[in-house]
Number of protein chains: 2
Amino acid sequence: MGIKIGKLAEMSGCQVVTIRYYEKEGLLPVPDRSQNNYRLYSENDVERLHFIRRCRMHGMNLAEIRQLLAFKDNPTVSCDWINSLVEKHIAEVERQIAALRHLKSHLQALLRQCPGGRHEGCGIIATLTECGDCPCCGSSCSLHKAEGTPAHGSSKSPEAAK
Amino acid sequence: MGIKIGKLAEMSGCQVVTIRYYEKEGLLPVPDRSQNNYRLYSENDVERLHFIRRCRMHGMNLAEIRQLLAFKDNPTVSCDWINSLVEKHIAEVERQIAALRHLKSHLQALLRQCPGGRHEGCGIIATLTECGDCPCCGSSCSLHKAEGTPAHGSSKSPEAAK
DNA sequence: CTTGACTCTATAGCCGCTATAGGCATTACG
DNA sequence: CGTAATGCCTATAGCGGCTATAGAGTCAAG
């Protein structure tokens, strides 16, 4: 008892600022303070933070984690909704995998448009400029509509937790 | 010539605000204005916006699109870097697919922990609480580290463009 | 003449953090 | 004892790619 925030961060593999953020978001309880105003955590908090981190890695967002924590703290109703939640996530993951596979085939088709080394008339630019149906799957291709494809280009480098 | 922003939005399948946003970001040129201060676009702008949208659907971020547009406007150098860019995206997409597949197996494992209908001792909660190795792949499982898994839970519903 | 559809600007919010600035507390070393 | 390196504190702003809201001007139809 009396774990400081840096130690907790180390134990849970997340950042100090993230812990304070979770506190602000109401996922972690307001902790005791030492006489010099440092946050002091207990073993309970360690477990709770681990739970939160594990949920995050399973793709849960903070609102869902809040619900799960509320249930965990006070499991008065059936947990069927948790099964449904997980099923919903599985379906969403499957949707994303399908979208990414589709995207991949598009990108591969793009690559074939340009053999490289050329100084003008890049086939990739040309293909991206064309208004016609896509060479991969025609006018009904879902890439022609706004689809919930994750913007992989903007994902941070993992930088594996030290 | 003289396409108003609403029409352009309709033609390109994106929102009016998004067009203004692209202008602010320097992807679309500052357009002419009608005498009542409405933006007026040309066929060139239509093509440019289509190009941008198509790039977005291929997972390019705005910085990358800026580069592609600069090249398109003034293709003085070799386009090899565009091939590399697309290859980089393919690799990233593959990484995400692998991560999502892994995540899916985790979620499915979670589902098996709880047959449902029970009023306490939910197996999913218990599994997420446990500190031990994950039931799917042991302590070395990448889900135990911070991995660049897209937060599918927070993705907006596609709401397919009208 | 009012209603409704469209346009304009400016600002704030979304998510889950991450970064920065400025300051206090503790500890190690000389 | 001084001082430098940590670690902790608060508060605020920024990331990406939009989306939402507020408040106001413009225009055509009924």
Side-chain angles (χ1 to χ4, degrees), chain A residues 2-28 30-41 49 52-53 55-66 92 146-159 161, chain B residues 2-28 30-41 49 52-53 55-66 92 146-159 161:
Chain A
I3 300 163
K4 280 190 284 180
I5 198 169
K7 179 78 175 154
L8 179 59
E10 192 189 337
M11 290 167 82
S12 61
C14 77
Q15 306 256 98
V16 166
V17 279
T18 304
I19 294 173
R20 289 198 279 248
Y21 174 70
Y22 289 160
E23 178 185 331
K24 201 177 56 155
E25 290 299 306
L27 298 180
L28 287 174
V30 174
D32 291 341
R33 299 281 183 143
S34 69
Q35 86 270 30
N36 53 8
N37 201 34
Y38 288 4
R39 288 169 177 82
L40 292 180
Y41 295 98
L49 182 52
I52 294 170
R53 293 309 293 173
C55 287
R56 287 292 296 129
M57 307 204 157
H58 283 84
M60 310 283 168
N61 63 32
L62 298 196
E64 289 164 338
I65 296 174
R66 241 187 298 270
E92 176 60 21
E147 187 144 319
T149 324
H152 63 273
S154 69
S155 72
K156 306 294 172 60
S157 52
E159 206 79 64
Chain B
I3 300 163
K4 280 191 283 178
I5 198 167
K7 179 77 174 154
L8 179 59
E10 193 189 335
M11 291 166 81
S12 61
C14 76
Q15 304 258 98
V16 166
V17 278
T18 303
I19 295 172
R20 290 198 278 249
Y21 174 69
Y22 289 160
E23 178 186 331
K24 202 176 54 147
E25 291 297 307
L27 298 180
L28 287 175
V30 174
D32 291 340
R33 299 283 184 141
S34 69
Q35 86 271 30
N36 53 8
N37 201 33
Y38 289 3
R39 287 169 179 82
L40 292 181
Y41 295 97
L49 182 52
I52 294 169
R53 293 310 293 172
C55 287
R56 286 292 296 129
M57 300 193 169
H58 283 84
M60 310 283 167
N61 63 31
L62 298 197
E64 289 164 338
I65 297 173
R66 240 187 299 270
E92 177 60 20
E147 187 144 320
T149 324
H152 64 274
S154 69
S155 73
K156 306 293 173 60
S157 51
E159 205 79 64

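Numbered from 1 within each chain, the chains take letters A, B, ... in sequence-line order.
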Exercise. Rounding to a whole Å, what distance do you find between Leu62(B):CG and dC18(D):C1'?
Worked result: 9 Å
For this session: Calculate, to the nearest 0.5 Å, the distance between atoms OG1 and CD1 belonging to Thr18(B) and Ile5(B) respectively.
Result: 9.5 Å
For this session: Calculate, to the nearest 0.5 Å, the distance between atoms NZ and CZ belonging to Lys4(A) and Arg39(A) respectively.
Result: 13.5 Å
Exercise. When rounded to the nearest 0.5 angstrom, what is the spacing between OH in Tyr21(B) and CG in Leu27(B)?
Worked result: 8.0 Å
Exercise. Can you give one letter per nucleotide of nucleotides 3-10 of chain D, 5' to 3': B if a protein heavy atom sits under 4.0 Å from the base, S if only from the sugar-phosphate, - if neither?
Worked result: ----BSSB
Strictly under 3.5 Å: I want the nitrogen or oxygen pairs between protein and nucleotides 21-24 of chain D, one per line.
none

For this session: Please report, rounded to the nearest Å, how far the C1' atom of dC15(C) is from the CZ atom of Arg56(A).
Result: 9 Å
Problem set entry | Distance in angstrom units between Arg53(A) CZ and dC17(C) C1', rounded | 9 Å
Problem set entry | CA sep, side-chain torsions, deciding dist, call: Ile19(A), Glu23(A), side chain to side chain contact (heavy atoms under 4.5 Å, CB included) | CA-CA 6 Å; Ile19(A) 294 173; Glu23(A) 178 185 331; 5.8 Å; no
Problem set entry | Spacing of Ile52(A) atom CD1 and Glu25(A) atom CD [to the nearest 0.5 Å] | 11.0 Å
Problem set entry | Spacing of Ile3(B) atom CD1 relative to dC6(C) atom C1', expressed in whole Å | 16 Å
Exercise. Separation of Asp32(B) atom CG from dC8(C) atom P, in whole Å?
Worked result: 13 Å
Exercise. Under the side chain to side chain contact (heavy atoms under 4.5 Å, CB included) criterion, do Arg56(B) and Tyr22(B) qualify, and how do the steps go?
Worked result: CA-CA 12 Å; Arg56(B) 286 292 296 129; Tyr22(B) 289 160; 3.8 Å; yes
Exercise. What is the distance from OH of Tyr22(B) to P of dT19(D), rounded to the nearest Å?
Worked result: 9 Å
For this session: Assign Gln15(B) to base, sugar-phosphate, or nothing according to its heavy-atom contacts below 4.0 angstrom with the strands shown.
Result: sugar-phosphate
Problem set entry | Under-4.0 Å side-chain N/O to phosphate OP1/OP2 contact, Thr18(B) with dG17(D) | no
Exercise. Could you give the distance from CE (Met60(B)) to CG (Leu62(B)), rounded to the nearest 0.5 Å?
Worked result: 12.5 Å
Exercise. Please give, in whole Å, the distance from dC14(C) P to Asn61(A) CG?
Worked result: 13 Å
Exercise. Quick one: Lys24(A) NZ to dA13(D) P, roughly how many Å, whole number?
Worked result: 12 Å
For this session: State the OG-NZ distance between Ser12(A) and Lys7(A), to the nearest 0.5 angstrom.
Result: 11.0 Å
Problem set entry | Evaluation steps, side chain to side chain contact (heavy atoms under 4.5 Å, CB included), between Ile3(B) and Glu10(B) | CA-CA 11 Å; Ile3(B) 300 163; Glu10(B) 193 189 335; over 6 Å; no
